[in-house]
Number of protein chains: 2
Amino acid sequence: MGRTNTREEIVRKGAELIHAQGFNATGLQQILQAAGIPKGSFYFYFKSKEDFGLAIIDYFSAIIGEIFTHYLSDGKIPPLKRLEKLFGFFEAAFQKSGNARGCPIGNLSLELAGTNERLRLHLAGVIETLIAQLASCLEEAKRDQSIPSDLNTADTARFIFQGFEGAVMHMKVVKSIEPFQGFRNFLLEYFKNIYPPRLSAPRG
Amino acid sequence: MGRTNTREEIVRKGAELIHAQGFNATGLQQILQAAGIPKGSFYFYFKSKEDFGLAIIDYFSAIIGEIFTHYLSDGKIPPLKRLEKLFGFFEAAFQKSGNARGCPIGNLSLELAGTNERLRLHLAGVIETLIAQLASCLEEAKRDQSIPSDLNTADTARFIFQGFEGAVMHMKVVKSIEPFQGFRNFLLEYFKNIYPPRLSAPRG
DNA sequence: GACTTGTAGACGACTGGTCTATTATGTTAC
DNA sequence: GTAACATAATAGACCAGTCGTCTACAAGTC
């Protein structure tokens with residue numbers, strides 16, 4: 001087995017188990033056994049479990065980043081519609097796994113930020129990137145005049161992200177998609193009402 | 001030392017450590033050593049670490065519930081102002097501990113919901129109660145006519161809670177109060193604009 | 001004195017991450 | 001074709017730490 005294959009196998013299986021059980025609750029033994037890779041190999045590919053954690057975060061970050069890009073940069077669709085589609089995608093994805101696993105980045109953030117500074121910083125970077133992607137989509141919406149020109153897109157993007165993470169947490173703890181749907185509906189309603197700006201004559 | 005004292009000491013010290021480090025990352029040994037209580041006593045008061053987890057959740061739930069009640073049921077202040085004050089209190093509390101620990105209920109939810117059904121259900125109950133307290137405050141705001149009469153208070157309360165948890169997560173991962181302040185401002189702005197209801201003209 | 005309530009901490013079985021010694025594989029030189 | 005070497009990969013021991021159990025003992029109460 002080539003070098004990258006083995007390493008990638010460890011990351012993939014590890015990501016899967018960690019997503020379901022958490023970082024601390026998932027032992028290397030379990031990951032390696034599930035992947036059919038001997039224990040000794042692990043420390044050939046990773047310096048420590050902490051380093052492995054970084055790789056796991058990168059793995060999740062890449063997946064989510066691609067999803068964000070795919071939906072939020074789709075020039076064929078108006079910006080706010082893209083956001084809607086993104087949520088629709090996540091809703092379907094969550095339901096496929098019983099709404100029980102939540103957001104891997106959010107999970108790891110709360111579990112590890114308190115005890116590991118390196119992982120915390122890494123996670124913070126990932127989150128910032130995702131928020132920036134949202135903000136950039138909102139900027140397009142502004143040019144599109146579907147949101148007010150004086151709206152602070154950075155703040156709004158952050159608010160959306162926070163709401164998203166909170167909704168996914170709620171979803172996970174009750175194991176139902178409903179809290180996520182509630183969030184999505186609330187947000188879409190918000191965007192529907194935010195424009196045209198109040199009292200100034202409706203958009204013609 | 002009377003029965004309740006020892007037990008309470010374990011819970012208090014445990015809650016403190018678990019809040020900072022997480023449930024799995026905190027061993028019984030560490031808690032008991034920090035509290036100066038021998039190991040043997042633990043299993044006199046608790047059947048298992050899982051049962052101890054239930055007690056910890058109850059402990060946090062009681063504290064937060066009291067805070068919610070104190071602020072949200074304060075009849076001397078208009079409902080929406082109470083909400084504002086509640087956020088102000090949390091902001092100060094977060095800063096006092098370096099914005100690094102987050103919400104204990106949120107932390108435990110994401111860490112444990114995936115692996116322990118009993119704890120998950122317990123956490124879900126606590127969350128439902130908190131949302132209900134928010135909703136009840138919003139109901140008062142409705143009677144007060146500071147929010148539209150057709151607003152769904154249950155949905156809105158849930159949305160606020162989700163945003164809150166997401167903001168606190170964000171705060172914890174960047175170790176800064178800013179994300180929380182952003183959330184608070186955004187929400188207050190929302191309430192400022194939601195009423196009086198928009199002429200019902202636009203968007204039609 | 002007998003019973004309950006609580007303390008004390010050694011002990012067990014097991015799992016955690018880590019490390020060193022060793023084997024397999026591949027490449028090059030002759 | 002094979003000897004020499006370097007790198008890729010494995011095996012499993014290692015010890016600290018995990019939760020949980022157990023027996024022995026103190027103190028207080030009837």
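Since the model is a prediction, treat every value here as computed from it, not as a measurement. So that the names make sense, note that chain A is the first sequence line, chain B the second, and so on, each numbered from 1.
For the OP1/OP2 pair of dA9(D) and a distance below 4.0 Å, the side-chain nitrogens and oxygens of Tyr45(A) include at least one atom meeting the criterion. The phosphate of dG6(C) (OP1 or OP2) has no side-chain N or O of Ser41(B) nearer than 4.0 angstrom. Applying the 4.0 Å criterion to OP1 and OP2 of dT7(C), one finds that Thr6(B) has a side-chain N or O inside that range.
In this structure, the side-chain contact (heavy atoms from CB on, under 4.5 Å) partners of Glu178(B), at least two apart in sequence or on a different chain, are Arg158(A), Ser176(B), Gln181(B). For Ile67(B), the side-chain contact (heavy atoms from CB on, under 4.5 Å) criterion is met by Ile63(B), Tyr71(B), Leu86(B), Phe89(B), Phe90(B), not counting sequence neighbours. Annotation: side-chain contact (heavy atoms from CB on, under 4.5 Å) contacts of Pro38(A) (sequence neighbours excluded): Ser41(A). For Arg12(B), the side-chain contact (heavy atoms from CB on, under 4.5 Å) partners two or more places apart in sequence, or in a different chain, are Glu9(B), Tyr59(B). In this view, His122(B) satisfies the ring pair (Phe, Tyr, Trp, His ring centres under 6.0 Å) rule with no residue, not counting sequence neighbours.
Straight-line distance from the CG atom of Leu32(A) to the P atom of dT18(C): 12 Å, rounded to whole Å. dT4(C) atom C1' lies 9 Å from atom CZ of Phe44(B), rounded to whole Å. In this structure, the CD atom of Gln33(B) is 12 Å from the C1' atom of dG17(D), given to the nearest Å.
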Under 3.5 Å, which donor-acceptor pairs link side chains of residues 15-32 of chain A to any protein atom two or more places apart or in another chain?
{"residue": "His19(A)", "atom": "NE2", "partner": "Gly102(A)", "partner atom": "O", "Å": "2.8"}
{"residue": "Gln21(A)", "atom": "OE1", "partner": "Thr26(A)", "partner atom": "OG1", "Å": "3.0"}
{"residue": "Asn24(A)", "atom": "ND2", "partner": "Glu111(A)", "partner atom": "OE2", "Å": "3.2"}
{"residue": "Thr26(A)", "atom": "OG1", "partner": "Gly22(A)", "partner atom": "O", "Å": "2.6"}
{"residue": "Gln29(A)", "atom": "OE1", "partner": "Lys39(A)", "partner atom": "NZ", "Å": "2.9"}

Could you pull out every donor-acceptor pair under 3.5 Å between side chains of residues 161-173 of chain A and any protein atom, sequence neighbours left out?
{"residue": "Gln162(A)", "atom": "NE2", "partner": "His170(B)", "partner atom": "ND1", "Å": "3.3"}
{"residue": "Gln162(A)", "atom": "NE2", "partner": "Pro179(B)", "partner atom": "O", "Å": "3.1"}
{"residue": "His170(A)", "atom": "ND1", "partner": "Gln162(B)", "partner atom": "NE2", "Å": "3.3"}
{"residue": "Lys172(A)", "atom": "NZ", "partner": "Arg101(A)", "partner atom": "O", "Å": "3.4"}
{"residue": "Lys172(A)", "atom": "NZ", "partner": "Leu110(B)", "partner atom": "O", "Å": "3.2"}

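Screening residues 133-155 of chain B for ring-ring contact (aromatic ring centres under 6.0 Å, His included), with sequence neighbours left out, gives no hits. Among residues at least two apart or in separate chains, salt bridge (Lys or Arg N to Asp or Glu O under 4.0 Å) pairs with a member in residues 114-127 of chain B are Lys175(A)-Glu117(B), Glu50(B)-Arg118(B), Asp51(B)-Arg118(B), Glu117(B)-Arg120(B).
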What string of B, S and - do you get for nucleotides 19-28 of chain D 5' to 3' if you count protein non-hydrogen atoms under 4.0 Å?
BBB-------

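Rounded to 10 degrees, the angle separating the terminal helix axes of the helix from dG1(C)-dC30(D) to dC30(C)-dG1(D), each built from five base pairs, is 10°.
In terms of modelled atom types and a separation under 3.5 Å, the side chain of Ser73(A) and the main chain of His70(A) share no donor-acceptor contact. The backbone N or O of Gly65(B) lies less than 3.5 Å from a partner atom in the side chain of Thr69(B), making a donor-acceptor pair.
Non-hydrogen atoms lying under 4.0 Å from DNA chain D are contributed by nothing in residues 10-19 of chain B.
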